[in-house]
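Model, not experiment: these values are computed from the prediction.
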Amino acid sequence: MKANLRVSVQAMLLLLAMVLATVARADREPLDRVIAIVDDSVILQSELDARVQTVISRLSAQGTTLPPRSLLAQRVLDQLITDSIQLQRADRMGMRISDNELNETIRNIAQGNNLTLAQFEQQLTAEGLTYAQAREQIRQEMLVSRVQQRSVGNRIRVTDREVENYLAAEEARGGNVTEYELAHILVAVDNFNDQAAARQARDKAERLVKEIRNGRDFRSAAVAESDASNALDGGLMGWRPENQLPSLLADVVPELPLQEPSEVLQSGSGFHIVMVLDKRGGAQLVEQAKVRHILVRASETLTEAQAEQKIRELYRELQQGADFAELAREYSDDPVSGSDGGNLGWVSRGQMVPAFEQAMLAADIGELKGPIRSQFGWHILQVEDRRQKDVSDELQENSARQAIYRRKFEVELQSWLREIRDEAFVEKKLDSDDNGDNA
């Protein structure tokens, strides 16, 4: 009995010592506390402190004058609340960031700043962040971006008329107009009523075109045989903006390959041959890939893990000989391309999200690539062909469309953020007197 009593007292003393040690540590290191309740989640003081330190480090590095820390903390807390609302939405939508995707993003951030991963970690330490904290912040930023694209992007439409108006305004401001350096040969006809002379002049012009295509120098031919006033200058017309081309050349020059003579053109003064020596401005020759894909994305009925499992099953079926177009029509979550067997048409650099584009550029013709994770979901892609194409007009149109989209996205994003904040329950606990902010 005495032995049992002695053991019991020792256990009580040990427990009391542990409690006292905990209290002592609490005196030295205050316990983390909840500073805001946001729907089904909370924001801790440690989260706020870490984010404030990150913001201070970035502003200081930029040479920006810092506001009072209390004001900065309020602004950062508001941002954390907004982020929490979006992260909870992302969770309900089944969105996840895999470790591989997060690691790849971190490597890209480091490379974009010309840093190795070790140097990147050192920079984070200098900013007061641990590598684990930075990973979590980046993961959350990726999820926030993804839920914004899904929720806000679907609310935006850019019409062809808006693009036309944008391009017209850009041109009026002297925007991205293609210019051509031209050379010209004229075989003059004094009187087209003289059919023999006219026929002889045309024959000469067609002979010159054939000789130039077979290697004769255009400028030498102009010096020797052109009837134009600039013949002794090698037929040079100089640089001409596309919107200032002579009417005879307006439809011909934009379609003419560099250093190739045109067909014979007729005007009231005779027969003409034109060559584009060079061009600058809007014109750009780019490589395009004819690509098709299958998209599977998480939804309210399909978790991220289930979406990944499904895309891997489809990939195995394709490797075993399944028809790509049939699987795309049946399973792809891209309704536009899916109904067309997954066909995305001819795609240039910069048109697709980075993960998709990287796989597309690395793929051989006919090769399957996947599964690939992008902000839109899981992809399998196949490049069917490649080509070089002058896409000046397309690039200008795409640039205009993207500019309009970004402008609308920023406006719509602010509206959407106000909506979700109004729908959320938020209670701030910044001091001992809890201030309720129920929205």
Side-chain angles (χ1 to χ4, degrees), residues 22 25-91 95-113 115-148 413 417 420-421 424-437 439:
T22 300
R25 284 198 301 271
D27 289 339
R28 295 193 303 271
E29 301 176 7
L31 294 175
D32 208 352
R33 67 190 183 101
V34 173
I35 57 172
I37 300 172
V38 184
D39 282 338
D40 299 327
S41 184
V42 297
I43 297 173
L44 300 176
Q45 183 70 51
S46 58
E47 294 178 71
L48 177 61
D49 292 342
R51 188 66 63 89
V52 167
Q53 184 57 48
T54 300
V55 173
I56 288 175
S57 298
R58 289 175 181 172
L59 292 177
S60 299
Q62 297 167 4
T64 303
T65 303
L66 296 174
R69 187 180 180 95
S70 59
L71 175 60
L72 184 60
Q74 287 280 1
R75 301 295 301 274
V76 172
L77 178 58
D78 284 337
Q79 184 61 58
L80 286 173
I81 289 170
T82 302
D83 287 351
S84 178
I85 297 169
Q86 295 175 90
L87 289 169
Q88 290 179 69
R89 283 181 171 250
D91 185 61
M95 293 182 176
R96 299 289 185 272
I97 304 296
S98 68
D99 286 342
N100 288 339
E101 188 179 1
L102 181 57
N103 292 337
E104 181 65 23
T105 299
I106 291 173
R107 279 194 294 270
N108 291 338
I109 292 173
Q111 291 172 2
N113 288 279
L115 299 172
T116 65
L117 282 177
Q119 292 170 331
F120 183 58
E121 289 192 43
Q122 292 173 359
Q123 181 174 310
L124 293 172
T125 302
E127 293 179 358
L129 278 177
T130 66
Y131 185 66
Q133 289 173 325
R135 279 179 63 86
E136 179 59 18
Q137 285 191 18
I138 293 169
R139 185 189 69 82
Q140 292 183 2
E141 289 171 3
M142 292 171 69
L143 280 170
V144 166
S145 175
R146 192 164 292 170
V147 76
Q148 287 178 357
L413 175 61
L417 290 174
I420 63 174
R421 176 64 186 260
F425 173 86
V426 178
E427 182 179 352
K428 294 181 182 178
K429 298 176 176 293
L430 287 179
D431 49 39
S432 55
D433 298 320
D434 292 349
N435 295 317
D437 177 19

Visitor: If the condition is side-chain contact (heavy atoms from CB on, under 4.5 Å), which residues does Gln148 pass it with, not counting sequence neighbours?
Guide: Gln86, Val144, Phe409, Leu413, Trp416

Visitor: For Gln88, check side-chain hydrogen bond (donor to acceptor under 3.5 Å, both in side chains) against everything at least two apart and list the hits.
Guide: Ser84

Visitor: My understanding is that only residues two or more places apart in sequence, or in another chain, count here; which of them pass side-chain contact (heavy atoms from CB on, under 4.5 Å) with Thr105?
Guide: Ile109, Ile138, Met142

Visitor: Name all residues meeting the salt bridge (charged side-chain N to carboxylate O under 4.0 Å, His left out) criterion together with Glu104; count only those two or more places apart in sequence or in a different chain, and write none if there are none.
Guide: Arg107

Visitor: Mind checking what makes side-chain hydrogen bond (donor to acceptor under 3.5 Å, both in side chains) contact with Gln123, not counting sequence neighbours?
Guide: none

Visitor: Could you tell me which residues satisfy side-chain hydrogen bond (donor to acceptor under 3.5 Å, both in side chains) with Asp49, sequence neighbours excluded, listed by chain and number?
Guide: Gln45

Visitor: Rounded to the nearest 0.5 Å, how far apart are CD1 of Ile97 and CD of Glu141?
Guide: 11.5 Å

Visitor: Quick check for you: to the nearest 0.5 Å, what is the distance between Arg89 atom CZ and Ile420 atom CD1?
Guide: 5.5 Å

Visitor: For the OG1 atom of Thr82 and the CG atom of Leu417, what is their distance to the nearest 0.5 Å?
Guide: 6.5 Å

Visitor: List the steps, then state whether side-chain contact (heavy atoms from CB on, under 4.5 Å) holds for Arg421 with Val38.
Guide: CA-CA 10 Å; Arg421 176 64 186 260; Val38 184; over 6 Å; no

Visitor: Can you tell me how far apart CG (Asn103) and CG (Asn108) are? Round to the nearest 0.5 Å.
Guide: 11.0 Å

Visitor: Roughly how far, to the nearest 0.5 Å, is CD of Glu121 from CG of Leu115?
Guide: 11.5 Å

Visitor: For the CG atom of Leu77 and the NZ atom of Lys428, what is their distance to the nearest 0.5 Å?
Guide: 5.5 Å

Visitor: In chain order, what residues pass the side-chain contact (heavy atoms from CB on, under 4.5 Å) check against Asp91, with sequence neighbours excluded?
Guide: Arg96

Visitor: Could you list the residues that satisfy side-chain contact (heavy atoms from CB on, under 4.5 Å) with Val55, not counting sequence neighbours?
Guide: Leu59, Leu72, Val76

Visitor: List the atom of Ala73, the atom of Val52, and the distance in Å for their closest heavy-atom pair.
Guide: CA-CG2, 4.0 Å

Visitor: Could you pull out all residues at least two apart from Arg69 that satisfy salt bridge (charged side-chain N to carboxylate O under 4.0 Å, His left out)?
Guide: none

Visitor: Assess the residue pair Asp83 and Arg51 against the criterion (side-chain contact (heavy atoms from CB on, under 4.5 Å)); give the C-alpha distance rounded to whole Å, side-chain angles, the decisive distance to 0.1 Å, and a yes or no.
Guide: CA-CA 12 Å; Asp83 287 351; Arg51 188 66 63 89; 3.6 Å; yes

Visitor: Quick one: side-chain hydrogen bond (donor to acceptor under 3.5 Å, both in side chains) partners of Ser46, sequence neighbours excluded?
Guide: Asp32

Visitor: Set out, in order, the CA-CA distance, both residues' side-chain angles and the distance that settles side-chain contact (heavy atoms from CB on, under 4.5 Å) for Ile43 and Val34, then state yes or no.
Guide: CA-CA 6 Å; Ile43 297 173; Val34 173; over 6 Å; no

Visitor: Can you name the nearest heavy-atom pair linking Val147 to Ala90, along with the distance?
Guide: CG2-N, 4.1 Å

